[in-house]
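All values below come from the heavy atoms of this structure, side chains included, with hydrogens, waters and symmetry mates left out. Predicted model only: the values in this text are computed from it and were never measured. Chain identifiers are assigned alphabetically (A, B, ...) following the order of the sequence lines, protein sequences preceding nucleic acid strands; residue numbering begins at 1 within each chain.
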Protein chains: 2
Amino acid sequence: MASRPQPTRVRKLPDERRAEILRTAARIALEEGLERITLRRVADELGVRPGLIGHYFPAADTLVAEAFTDAATRERDTLLPADEEGLAPIDRLARFLVRLADGTYLDLSRLWLNARHLSRFKEGLREAVGAQETVTRTALTALIEAGVVAGEFDTDDALGAALHILVTVDGLGSYANADADIDVRLDHPALDDMAITTAEHELGLGRGTLRARL
Amino acid sequence: MASRPQPTRVRKLPDERRAEILRTAARIALEEGLERITLRRVADELGVRPGLIGHYFPAADTLVAEAFTDAATRERDTLLPADEEGLAPIDRLARFLVRLADGTYLDLSRLWLNARHLSRFKEGLREAVGAQETVTRTALTALIEAGVVAGEFDTDDALGAALHILVTVDGLGSYANADADIDVRLDHPALDDMAITTAEHELGLGRGTLRARL
DNA sequence: CCGGTTATTGGTCGCATGGCCAACTGGCTA
DNA sequence: TAGCCAGTTGGCCATGCGACCAATAACCGG
């Protein structure tokens, strides 16, 4: 407290301001959708004038793309932390899938749905989505390969298995999304376990093996 | 030709005009996205004034929701025709899945992605999506049940199997969509066959059984 | 303490959207 | 043929958007 760098700063350092804007935009994207990221909206949120946001992001599309990348990265780090090296691959996978199924990450699946659709119209976002997709796919494939080496998984196509799992997770996200706040929500046991079941089947694990790891 | 009802009609009958507007809006939705359905856009397409569209659809959201329903219904009738009674369930399913994998129906999967996302903001569309989802799910479930009765499929949870297939199809649609027009497009055999493989596994069919039905 | 750099302001523009409404006129009916 | 109903027009409004820019003032270095 005694040695606070800028006690009563009015103007912020560019890096600090830029990061602040990005963080705010990412939060808006997760909570309300990427199309709600607006120069005015972000400015209001930060208590500054819209022009300032435009100053840091001359093209609004850039802000949207970077906000998505920021949000997707942070969420992935929570779902599939890179610094869990001490943990066995099978346990990392189990945690990843269970966290997803938790429903806690409804916002994230909505964000992906949002981004995938919006990328149809926004070049920069399309590239960002592709990049994030690659990162996730690569990380999961590496995890599976590590598990194969460790003798925990049995598959001769780690990428194929990763794709199957990710496609399933994505499909589930779409479904869950549709009836998010309706009471008519479809509730079937197959939906709850689908991702885990798929992973177990794809990796040569017995039914219930993954869930049992918790 | 001799007894053409309205040879040079300028003003159209309400039902006729309304259907014409809906058809146009549905086409725009399939080709360019639901958010391109605009009073002005549809009007231009039909060579009339924007106000006229507003006259038939006092709330623009209604037009969007009905256009989606129209497009989704037409496309479903092509993919899974109801009047194929002569065909065995297993053959109907095989045709359904192969048609989907064809890639011919990229527009349709994009439309669903579009609708699922946009339904977050539009009440009417949300209901329409739910309704269409129910129709498709019900039709596929009935098809599977018929196959079980005929001894072609083996499952004790037709709905669960239908859900698994539909979730997979949806997930694939999302993936295919993302890299639609990029050359970096991910190409893995597991993706091409995933829906069919899932169906075969879920229905107790041997690998390659479904594709062999063509 | 002063001068220059630049973060920030505050406003304006052009554009697209949906909604609204009075006026016009095509075409049916009595 | 006269008249009326309603399909259709044309124009207006408020709103929200991104882009742009000159002016201002906060901060930092000399």
*asked:* Run B:L80 and B:L93 through side chain to side chain contact (heavy atoms under 4.5 Å, CB included) and show every step you take.
replied: CA-CA 8 Å; B:L80 193 61; B:L93 180 63; over 6 Å; no
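- Stacking of A:R116 on the aromatic ring of B:Y175 is recorded, both the 6.0 Å distance cut-off and the 45° axial limit being met.
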*Assign a letter to each nucleotide of nucleotides 4-11 of chain C from its 5' end: B, base within under 4.0 Å of a protein heavy atom; S, sugar-phosphate only; -, no contact.*
--BBBBS-
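- Within 6.0 Å of NE2 on A:H201 lie no more than 12 heavy atoms contributed by other residues, nucleotides or ligands.
- Between B:L125 atom CG and B:R120 atom CZ the span is 13.5 Å, to the nearest 0.5 Å.
- Judged by distance alone, the side chains of B:H117 and A:E35 do bring a donor and an acceptor atom under 3.5 Å apart.
- A ring-centre distance under 6.0 Å is not found for A:Y105 and A:W112.
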Could you pull out the protein-nucleic contacts involving nucleotides 12-19 of chain C (nitrogen or oxygen on both sides, under 3.5 Å)?
| unit_1 | atom_1 | unit_2 | atom_2 | d |
| --- | --- | --- | --- | --- |
| C:dT17 | OP1 | B:T38 | OG1 | 3.4 |
| C:dG18 | OP2 | B:L39 | N | 3.2 |
| C:dG18 | N7 | B:R40 | NH1 | 2.9 |
| C:dG18 | O6 | B:R40 | NH2 | 3.0 |
| C:dG19 | OP2 | B:P58 | O | 3.3 |
| C:dG19 | OP2 | B:A60 | N | 2.9 |

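- Rounded to an integer number of Å, the gap from CZ of A:F121 to C1' of D:dC17 is 16 Å.
- In terms of modelled atom types and a separation under 3.5 Å, the side chain of A:R92 and the main chain of A:P81 share a donor-acceptor contact.
- In this structure, B:R76 is not positioned above the aromatic face of B:F96 in the sense of NZ or CZ being under 6.0 Å from the six-membered ring centre and within 45° of the axis.
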